[in-house]
Amino acid sequence: MHIRTIHKYKVIKRFSFCKKMYDIAETIYIQEQDLTHEDPQKVFGREKEYLTDISSEVYDSLCQGFIVRDNGTPSYQNKS
């Protein structure tokens, strides 16, 4: 079983996705991409509850001005 790391991100520009509004300074967690199995990336909320799956294209778009990785906090791993 492959273990994928989940990274912490801060929202820097407000956006809406899957009927949820993400506000500035909100924390979200996104699982790293699995290129081998082509599994979608999973998004988790502040309490680490599962919210939704996203494609790598959506992830790339979010990284272009909506979210930034929070390197001050260690990531955690999730088996998938």
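If you read the sequence from its start, that first residue is 1, and numbering goes on from there. Just so you know, these numbers come straight off a predicted model, no measurement behind them.
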Test side chain to side chain donor-acceptor pair (under 3.5 Å) applied to Ser56 - qualifying residues, sequence neighbours left out: none

Closest non-hydrogen atoms of Pro40 and Arg4, given as atom of the first, atom of the second and distance, are O-NH2, 3.0 Å

Compare all side-chain heavy atoms of Met21 with those of Arg14 and state whether any distance is below 4.5 angstrom. yes

Run the numbers on Thr27 and Asp70 for side chain to side chain contact (heavy atoms under 4.5 Å, CB included), then give the verdict. CA-CA 9 Å; Thr27 299; Asp70 185 350; 5.7 Å; no

In Å and rounded to the nearest 0.5 Å, what is the NZ to CD distance from Lys10 to Glu26? 9.5 Å

Only counting residues at least two apart or in another chain, list the ones meeting side-chain contact (heavy atoms from CB on, under 4.5 Å) with Glu49. Glu47, Leu51

Between Ile12 and Ile24, the two heavy atoms sitting closest are O-CG1, 3.9 Å

With distance as the sole test, does Tyr22 use its side chain to make a donor-acceptor pair with the main-chain N or O of Ala25 at under 3.5 Å? no

With sequence neighbours left out, what residues match Phe17 under ring pair (Phe, Tyr, Trp, His ring centres under 6.0 Å)? none

Which distance, rounded to the nearest 0.5 Å, do you find between the CD of Glu57 and the CD of Gln41? 9.5 Å

Run the side chain to side chain contact (heavy atoms under 4.5 Å, CB included) test on Val43 and Tyr29 for me, step by step, so that the C-alpha distance in whole Å, both residues' side-chain angles and the decisive distance to 0.1 Å come before the verdict. CA-CA 6 Å; Val43 178; Tyr29 298 86; over 6 Å; no

Test log, rule side chain to side chain contact (heavy atoms under 4.5 Å, CB included), inputs Tyr9 and Leu62: CA-CA 10 Å; Tyr9 292 85; Leu62 290 174; over 6 Å; no

So, taking the atom named CD1 in Ile28 and the one named NZ in Lys48, what distance separates them when rounded to the nearest 0.5 Å? 14.0 Å

Would you say Tyr59 ends up clustered with Ile6 if hydrophobic residues are merged whenever their side chains have heavy atoms under 4.5 Å apart, either directly or through other cluster members? no

Given Thr5 and Gln31, is the side chain to side chain contact (heavy atoms under 4.5 Å, CB included) satisfied, shown in steps? CA-CA 6 Å; Thr5 302; Gln31 190 174 42; over 6 Å; no

Might you confirm whether atom NZ of Lys13 has over 12 heavy atoms from other residues, nucleotides or ligands at distances under 6.0 Å? no

Is there a path from Phe44 to Val11 through hydrophobic residues (I, L, V, M, F, W, Y) whose side chains come within less than 4.5 Å of each other? no

